[in-house]
Colleague: 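Handing you a structure now.
Each chain gets a letter, A, B and so on, in the order the sequences are listed, and its residues count up from 1.
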Amino acid sequence: MSVITVKQALSGAPSEGATVTVRGWIRTRRDSKAGLSFLHVSDGSCFAPVQVVAPNTLDGYADSVAKLSAGCAVECTGTLVRSQGKGQAFEVQAHQVTVVGWVEDPETYPIQPKAHSLEYLREVAHLRPRTNTFGAVSRVRQTIAHAIHHYFHEHGFQWVNTPIITASDCEGAGQLFRVSTLDFASLPRTPEGKIDFTREFFGRETFLTVSGQLAVEAYCLALSKVYTFGPTFRAENSNTTRHLAEFWMVEPEIAFANLSDDADLAEDFLKYVFRAVLAERADDMAFFVERVDKTAIERLERLERASFARVEYSEAVTILEKSGKKFEFPVKWGLDLQTEHERFLTEEHFARPVVVMNYPAAIKAFYMRLNDDEQTVAAMDVLAPGIGEIIGGSQREERLDVLDRRMAASHVDPGAYGWYRDLRRYGTVPHAGFGLGLERLVTYVCGLANIRDAIPYPRTPGNAAF
RNA sequence: UCCAGCUUAGCUCAGUCGGUAGAGCAGGCGGCUGUUAACCGCCGGGUCGCAGGUUCGAGUCCUGCAGCUGGAGCCA
């Protein structure tokens with residue numbers, strides 16, 4: 001007897017006629033008067049469940065198999081045989097079915113063999129991985145995460161684990177979550193009556209990171225090709241289909257590189273991930289096409305082939321001005337592109353992913369490299385049809401004098417960034433990188449409408465249940 | 001945070017002009033069948049989000065609140 005996965009069973013492994021054990025959770029049970037019950041058992045190893053055929057002559061059939069309902073945990077031992085029915089190549093002819101865990105009250109089990117709304121399933125986040133949709137999303141997410149690590153490993157990048165807790169109070173844009181061990185009921189005070197943060201655990205104010213970029217730049221200027229991949233936190237009061245308060249971000253950083261190299265990396269990297277999903281998760285992607293988004297597969301195939309459009313910010317503004325489209329928000333050089341503008345560019349004008357490059361300096365962060373025109377910085381956004389900004393990146397300002405000017409203009413305290421300035425004092429080189437939200441990528445690949453369905457337990461304003 | 005919409009059975013929804021509640025699925029029982037989110041019959045299942053108001057009478061109209069969803073801003 002060998003314990004095998006549902007995936008193995010469906011492919012006939014280890015061999016036809018072998019005695020095998022499969023373990024998993026019941027999706028459906030159908031009884032036949034021929035003296036059989038058909039159990040669909042799922043274990044997450046692939047999209048499809050395996051069919052276990054249980055004859056009513058099994059020991060204890062009436063008290064076990066005959067009472068199984070959706071969600072029950074079972075261990076089934078039997079012979080792996082070619083299926084007599086349609087719909088699967090192999091099935092398990094059971095000798096023994098052991099109920100490992102019953103469903104207490106089948107009538108109120110939240111996951112039924114039917115279409116549930118995604119909104120409802122968010123309310124039962126602990127049970128939604130048992131559905132087709134969330135099983136598929138989980139496997140695609142795993143494939144994407146693995147492909148990300150694999151891509152970087154293959155290309156000589158080192159994964160750098162930058163800290164989750166940070167002391168810098170303005171790592172970039174974004175509201176921060178405070179990390180504190182102080183007793184809120186009686187806060188320590190300084191003689192001036194202010195909160196005495198020296199009494200904090202770390203002896204200073206600390207927060208959850210909004211980006212590992214600044215920290216990873218230091219490793220970039222030693223190891224040449226690096227990336228971070230970890231949780232990131234933004235305390236923004238954003239209530240949209242594409243924002244989370246806690247999400248996973250990938251941030252590669254490359255030395256001796258400019259913005260064009262950065263865009264090349266972003267495009268090559270995304271295409272690699274798309275290829276991996278198409279190759280490894282055909283079953284799950286076919287389900288998304290059927291139930292979630294008809295174009296899920298063809299979109300990935302198209303993106304994997306097409307070259308991304310590249311356009312200067314200034315040129316993008318001209319395109320928008322000449323488009324004849326009526327936009328709700330004004331289009332003018334110096335203003336940031338709005339969602340509607342980005343959608344027009346990527347969905348209508350170019351009809352493929354677009355990299356918009358070299359934005360006005362005034363609307364971008366202090367660490368982005370000032371171009372020779374002194375008006376723009378070497379920043380880029382990768383826009384994708386249907387989801388908008390999927391990647392944001394830039395070449396970093398490697399010249400100390402220019403960085404200091406930019407920090408002053410942005411009212412950033414240079415004293416808090418001594419170590420960051422050091423990188424420009426000791427062997428500085430041009431370098432660049434970008435940030436990619438993992439959940440945005442998962443949302444996009446699966447064709448989901450809401451980012452809250454791309455992460456197991458979504459954290460959004462007012463919601464940290466589970 | 002701003003704007004809009006939604007909230008009826010375990011789930012998905014219907015509910016007309018204001019007259020005291022319906023279907024499908026799920027569950028239970030029975031029938032039928034190597035079945036494929038099976039099919040057929042019967043049965044149980046409701047504080048119509050909460051609090052007020054109008055009315056002889058409110059699921060339905062009005063006000064407030066809450067939750068959810070969508071759009072916007074911010075961004076990955």
Side-chain angles (χ1 to χ4, degrees), chain A residues 26-40 42 48-55 67 69-71 81 83-88 91 93 103 105-124 127 131-132 172-175 210-213 228-229 231-251 266 290-291 328-329 336-340 342-343 363-365 381-384 387-393 434-444 449-452 454-455 460-463 465:
Chain A
I26 297 289
R27 283 296 181 80
T28 60
R29 184 196 96 224
R30 289 179 301 279
D31 299 328
S32 164
K33 261 299 175 301
L36 304 168
S37 287
F38 296 97
L39 308 176
H40 275 185
S42 167
V50 67
Q51 176 157 282
V52 174
V53 185
K67 291 185 175 171
S69 61
V81 298
S83 179
Q84 295 172 36
K86 294 172 183 172
Q88 60 281 317
E91 64 191 19
Q93 194 75 41
V103 164
D105 180 3
E107 190 170 0
T108 58
Y109 180 61
I111 308 298
Q112 296 170 10
K114 58 168 288 187
H116 291 284
S117 69
L118 296 173
E119 294 80 8
Y120 166 71
L121 290 172
R122 280 172 216 148
E123 296 169 14
V124 286
L127 296 171
T131 63
N132 283 333
Q175 296 286 313
V210 294
S211 165
Q213 178 207 315
T228 71
F229 187 4
T232 308
F233 306 87
R234 303 270 168 98
E236 303 284 357
N237 191 8
S238 296
N239 291 285
T240 77
T241 54
R242 54 191 184 282
H243 288 87
L244 293 166
E246 176 183 299
F247 63 100
W248 284 61
M249 189 153 67
V250 182
E251 297 174 286
E290 192 187 319
R291 295 295 174 105
E328 190 185 340
F329 291 90
D336 209 354
L337 300 180
Q338 302 291 318
T339 300
E340 58 176 347
E342 295 179 345
R343 288 181 71 110
I363 58 172
K364 290 293 182 182
D381 281 352
V382 179
L383 312 176
I387 195 164
E389 184 181 342
I390 197 165
I391 281 178
F434 62 79
L436 166 93
L438 175 66
E439 288 76 15
R440 285 199 180 168
L441 188 57
V442 172
T443 302
Y444 189 60
N450 195 317
I451 199 167
R452 294 165 200 180
I455 189 168
T460 52
N463 187 358

Colleague: Applying the side chain to side chain contact (heavy atoms under 4.5 Å, CB included) test to A/L39, which of A/V52, A/V53, A/T28 qualifies?
Modeller: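 Running side chain to side chain contact (heavy atoms under 4.5 Å, CB included) over A/V52, A/V53, A/T28 with A/L39 returns exactly one hit, A/V52.
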
Colleague: Quick one: which of B/G71, B/A76, B/C32 gets closest to the side chain of A/L244?
Modeller: B/A76

Colleague: Counting Watson-Crick and G-U wobble pairs only, both distances under 3.5 Å, name the nucleotide matched with B/A58, or none.
Modeller: none

Colleague: Is B/G41 paired to anything, Watson-Crick or G-U wobble with both distances less than 3.5 Å, and if yes, which nucleotide?
Modeller: B/C29

Colleague: Determine whether a donor-acceptor pair (one donor, one acceptor, N or O, separation below 3.5 Å) exists between the side chain of A/R440 and the base of B/C75.
Modeller: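 Such a pair exists between side chain and base.
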
Colleague: Considering every strand and a 4.0 Å limit on heavy-atom distances, what is the contact class for A/V53: base, sugar-phosphate, or nothing?
Modeller: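 Base, at least one base heavy atom under 4.0 Å.
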
Colleague: Both distances below 3.5 Å, Watson-Crick or wobble geometry, any strand: find the nucleotide opposite B/G5.
Modeller: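 WC or wobble partner is B/C68.
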
Colleague: Determine the contact category for A/I391: base if any of its heavy atoms lies under 4.0 Å from a base atom, sugar-phosphate if only primed atoms, P, OP1 or OP2 are that close, otherwise nothing.
Modeller: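 Contact class for A/I391: sugar-phosphate only.
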
Colleague: Which nucleotide in the set B/U33, B/A76, B/C11 lies at the smallest distance from any side-chain heavy atom of A/S32?
Modeller: B/U33

Colleague: Under 4.0 Å, counting only non-hydrogen atoms across every strand here, what does A/Q213 touch: a base, just sugar-phosphate, or nothing?
Modeller: nothing

Colleague: Would you say A/S117 places a side-chain N or O within less than 4.0 Å of OP1 or OP2 belonging to B/U12?
Modeller: yes

Colleague: Counting any heavy atom closer than 4.0 Å, what does A/R291 reach on the DNA or RNA strands: base, sugar-phosphate only, or nothing?
Modeller: base

Colleague: Classify the nucleic acid contact of A/G392 as base, sugar-phosphate or nothing, counting any heavy atom under 4.0 Å across all strands shown.
Modeller: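 Contact class for A/G392: sugar-phosphate only.
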
Colleague: For nucleotides B/U16 and B/G34, find the distance between their C1' atoms and express it as a whole number of Å.
Modeller: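 Result for the C1' pair: 47 Å, nearest Å.
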
Colleague: A/R122 near the nucleic acid: base, sugar-phosphate alone, or nothing, with a heavy-atom cut-off under 4.0 Å?
Modeller: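 Answer is sugar-phosphate: A/R122 comes under 4.0 Å of backbone atoms only.
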
Colleague: Using purine N1 to pyrimidine N3 plus N6-O4 or O6-N4 for Watson-Crick, or N1-O2 and O6-N3 for G-U wobble, each under 3.5 Å, what pairs with B/U63?
Modeller: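 B/A51 - that is the nucleotide pairing with B/U63, both distances being under 3.5 Å.
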
Colleague: What does A/F329 touch in the nucleic acid at a heavy-atom separation under 4.0 angstrom: a base, only the sugar-phosphate, or nothing?
Modeller: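 A/F329: backbone/sugar contact only, no base atoms under 4.0 Å.
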
Colleague: Using a cut-off of 4.0 Å on non-hydrogen atoms, how would the nucleic acid contact of A/E91 be classed: base, sugar-phosphate, or nothing?
Modeller: base

Colleague: C1' atom, B/A9 versus B/G5: distance in rounded Å?
Modeller: 24 Å

Colleague: Side chains of A/N239 and A/P461: closer than 4.5 Å at any heavy-atom pair?
Modeller: yes

Colleague: Counting just side-chain N and O atoms, does A/S211 come under 4.0 Å of either OP1 or OP2 of B/A76?
Modeller: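 For B/A76, OP1/OP2 do not have a side-chain N/O of A/S211 under 4.0 Å.
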
Colleague: Once you apply the 3.5 Å cut-off to both distances, tell me the Watson-Crick or G-U wobble partner of B/C13, or none.
Modeller: B/G22

Colleague: What is the nucleic acid contact for A/Q51, judged by heavy atoms within less than 4.0 Å: base, sugar-phosphate only, or nothing?
Modeller: base

Colleague: Between the side chains of A/N450 and A/R242, is a donor N or O closer than 3.5 angstrom to an acceptor N or O?
Modeller: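 Absent: no donor and acceptor within the cut-off.
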
Colleague: Name the nucleic acid region contacted by A/Q88, choosing base, sugar-phosphate or nothing; use a 4.0 angstrom heavy-atom cut-off, strictly under.
Modeller: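 Base: the residue A/Q88, judged by heavy atoms under 4.0 Å, touches a nucleobase.
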
Colleague: Base, sugar-phosphate alone, or nothing: which one does A/H116 contact when heavy atoms must sit under 4.0 Å apart?
Modeller: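 Touches sugar-phosphate only.
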
Colleague: Heavy atoms under 4.0 Å, any strand shown: does A/Y120 hit a base, just sugar-phosphate, or nothing?
Modeller: sugar-phosphate

Colleague: How many Å lie between OH on A/Y109 and P on B/C25, as a whole number?
Modeller: 20 Å

Colleague: Do the side chain of A/E119 and the base of B/G67 come within less than 3.5 angstrom through a donor-acceptor pair of N or O atoms?
Modeller: no

Colleague: So, under a plain 3.5 Å distance rule, would you say the side chain of A/N239 forms a donor-acceptor pair with the base of B/U69?
Modeller: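 Answer no: no donor N or O sits under 3.5 Å from an acceptor.
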
Colleague: At less than 4.0 Å, is any side-chain N or O atom of A/R30 found next to OP1 or OP2 of B/A38? Yes or no.
Modeller: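 Yes, A/R30 has a side-chain N/O under 4.0 Å of OP1/OP2 on B/A38.
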
Colleague: Can you see whether A/S83 engages A/Q51 through a side-chain donor-acceptor pair at a distance of less than 3.5 angstrom?
Modeller: no

Colleague: Counting just side-chain N and O atoms, does A/S83 come under 4.0 Å of either OP1 or OP2 of B/G34?
Modeller: no

Colleague: Hey, is the side chain of A/R343 poking within less than 4.0 Å of OP1 or OP2 on B/A72, counting only N and O atoms?
Modeller: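 Answer no for this pair, as no side-chain N or O of A/R343 is under 4.0 Å from OP1 or OP2.
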
Colleague: Remember a base hit wins even if backbone is also touched, and classify A/I390 as base, sugar-phosphate or nothing at under 4.0 Å, heavy atoms.
Modeller: sugar-phosphate

Colleague: For B/C75, does the base pair up with any side-chain atom of A/S238 as donor and acceptor (N or O, under 3.5 Å, distance only)?
Modeller: no

Colleague: Look at the side chain of A/Q112 against the base of B/G10 and say whether a donor-acceptor pair falls under 3.5 Å; ignore hydrogens and angles.
Modeller: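 A donor-acceptor contact between them is present.
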
Colleague: Which of the following nucleotides, B/G70, B/G34, B/G73, is nearest to the side chain of A/N450?
Modeller: B/G70

Colleague: If the C1' atom of B/A21 is compared with that of B/G46, how far apart are they to the nearest Å?
Modeller: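 These two C1' atoms come out 8 Å apart once rounded.
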
Colleague: Choose from B/U69, B/U36, B/A72 the nucleotide whose nearest atom is closest to any side-chain atom of A/R452.
Modeller: B/U69

Colleague: Please give the distance between the P atoms of B/G27 and B/G70 as a whole number of Å.
Modeller: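 Straight-line distance between the two P atoms is 30 Å.
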
Colleague: Under 4.0 Å, counting only non-hydrogen atoms across every strand here, what does A/T232 touch: a base, just sugar-phosphate, or nothing?
Modeller: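 The residue A/T232 makes no contact with any strand.
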
